Amino acid sequence: MTGFTTEDFTAWMDRLARLAWPMTLDAFTELTPELGWHFTGYQYSYMADFTAGTRKVVVIDDAAGDVHTISFILAKPTLEGVDLLASLNDFFSSYFAAASGAWGAPIRTAQGRNPVAAWTVPQACIAEVTRSEEKIHAKFLTPQGAMFY
């Protein structure tokens, strides 16, 4: 799976941040074709056409029906062992540097087996990057989701 460029990562987080939040899940679903995303018919599941390729996107709403979290895979190298870990570390470091350059110092970091970094982006939203043992995951929190972060 081709990884997002750092420019695409920061551009998508900025694009999502500039949407008119709060927004219900139904209103978001109506907007997704403008983003190049398509509702799959399954609750919370969309397919998105990114420069890096098609990705599944999960969009979660709260009890009031407002979108609070949008998540997708940034990179999932098809390597194994030490090569996979090195590639994931490189991706994570590059996203960390790009996000810090775009939005300043992170508001949260966690080191260890699955490092996490998060930044405040426009409109009090949050962009988060997590490295797991096999992929780099992006999470976008709307102002409604950021309230509980």
Side-chain angles (χ1 to χ4, degrees), residues 1-19 21 23 25 28-29 31-62 66-149:
M1 173 183 285
T2 303
F4 276 59
T5 65
T6 56
E7 294 83 9
D8 279 347
F9 162 62
T10 56
W12 271 104
M13 292 295 142
D14 278 333
R15 186 172 184 189
L16 291 171
R18 296 188 194 293
L19 294 176
W21 304 112
M23 185 183 315
L25 184 58
F28 184 80
T29 300
L31 173 93
T32 57
E34 294 175 31
L35 299 173
W37 301 9
H38 310 283
F39 182 57
T40 65
Y42 295 104
Q43 187 174 18
Y44 309 122
S45 180
Y46 299 78
M47 292 305 291
D49 295 323
F50 295 114
T51 304
T54 302
R55 298 280 200 281
K56 179 180 177 182
V57 177
V58 176
V59 179
I60 306 295
D61 62 344
D62 59 21
D66 291 327
V67 172
H68 70 77
T69 305
I70 300 171
S71 61
F72 50 91
I73 295 172
L74 287 171
K76 187 174 180 178
T78 56
L79 302 168
E80 294 181 17
V82 174
D83 293 332
L84 174 60
L85 183 57
S87 180
L88 290 170
N89 285 337
D90 289 346
F91 273 115
F92 186 85
S93 295
S94 66
Y95 295 134
F96 185 97
S100 295
W103 307 306
I107 59 168
R108 176 178 177 245
T109 59
Q111 298 181 12
R113 190 173 197 166
N114 296 315
V116 176
W119 297 263
T120 300
V121 296
Q123 296 198 76
C125 299
I126 294 175
E128 181 184 276
V129 176
T130 304
R131 190 205 80 203
S132 72
E133 294 178 9
E134 60 184 33
K135 63 188 170 191
I136 305 291
H137 188 259
K139 185 186 294 183
F140 174 83
L141 288 94
T142 69
Q144 292 67 40
M147 291 187 314
F148 302 103
Y149 194 75

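Only heavy atoms go into these numbers, but all of them, side chains included; no hydrogens, no water, no symmetry mates. One is the number of the first residue; the rest follow in order along the sequence. The shown structure was predicted, so the numbers you read here are calculated from the model rather than taken from an experiment.
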Taking it one step at a time, do D61 and F28 satisfy side chain to side chain contact (heavy atoms under 4.5 Å, CB included)? CA-CA 10 Å; D61 62 344; F28 184 80; over 6 Å; no
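- Applying the side chain to side chain contact (heavy atoms under 4.5 Å, CB included) criterion to D62, with sequence neighbours excluded, gives A64, D66, H68, Q144.
- In this structure, L16 CG and L35 CG are separated by 6.5 Å, a value rounded to the nearest 0.5 Å.
- Under the side chain to side chain contact (heavy atoms under 4.5 Å, CB included) criterion, E134 pairs with K76, S132, not counting sequence neighbours.
- Every residue meeting the side chain to side chain contact (heavy atoms under 4.5 Å, CB included) condition with F39, not counting sequence neighbours, appears here in chain and number order: T29, Y46.
- Between the OG1 atom of T10 and the CH2 atom of W103 there is a distance of 5.5 Å, given to the nearest 0.5 Å.
- Not counting sequence neighbours, the partners of K139 by the salt bridge (charged side-chain N to carboxylate O under 4.0 Å, His left out) test are E128.
- The backbone N or O of I73 sits less than 3.5 Å from a side-chain atom of R55, completing a donor-acceptor pair.
- Scanning for side chain to side chain contact (heavy atoms under 4.5 Å, CB included) contacts around M47 gives T40, T54, K56, with sequence neighbours left out.
- T142 places a side-chain N or O within 3.5 Å of a backbone atom of V67 that can act as its donor or acceptor partner.
- Using the six-membered ring where Trp is involved, W21 and F140 have ring planes that are tilted, between 30° and 60° apart.
- Listed by first then second residue, pairs satisfying side chain to side chain donor-acceptor pair (under 3.5 Å) with a partner in residues 111-121 read S100-W119, R113-E133, not counting sequence neighbours.
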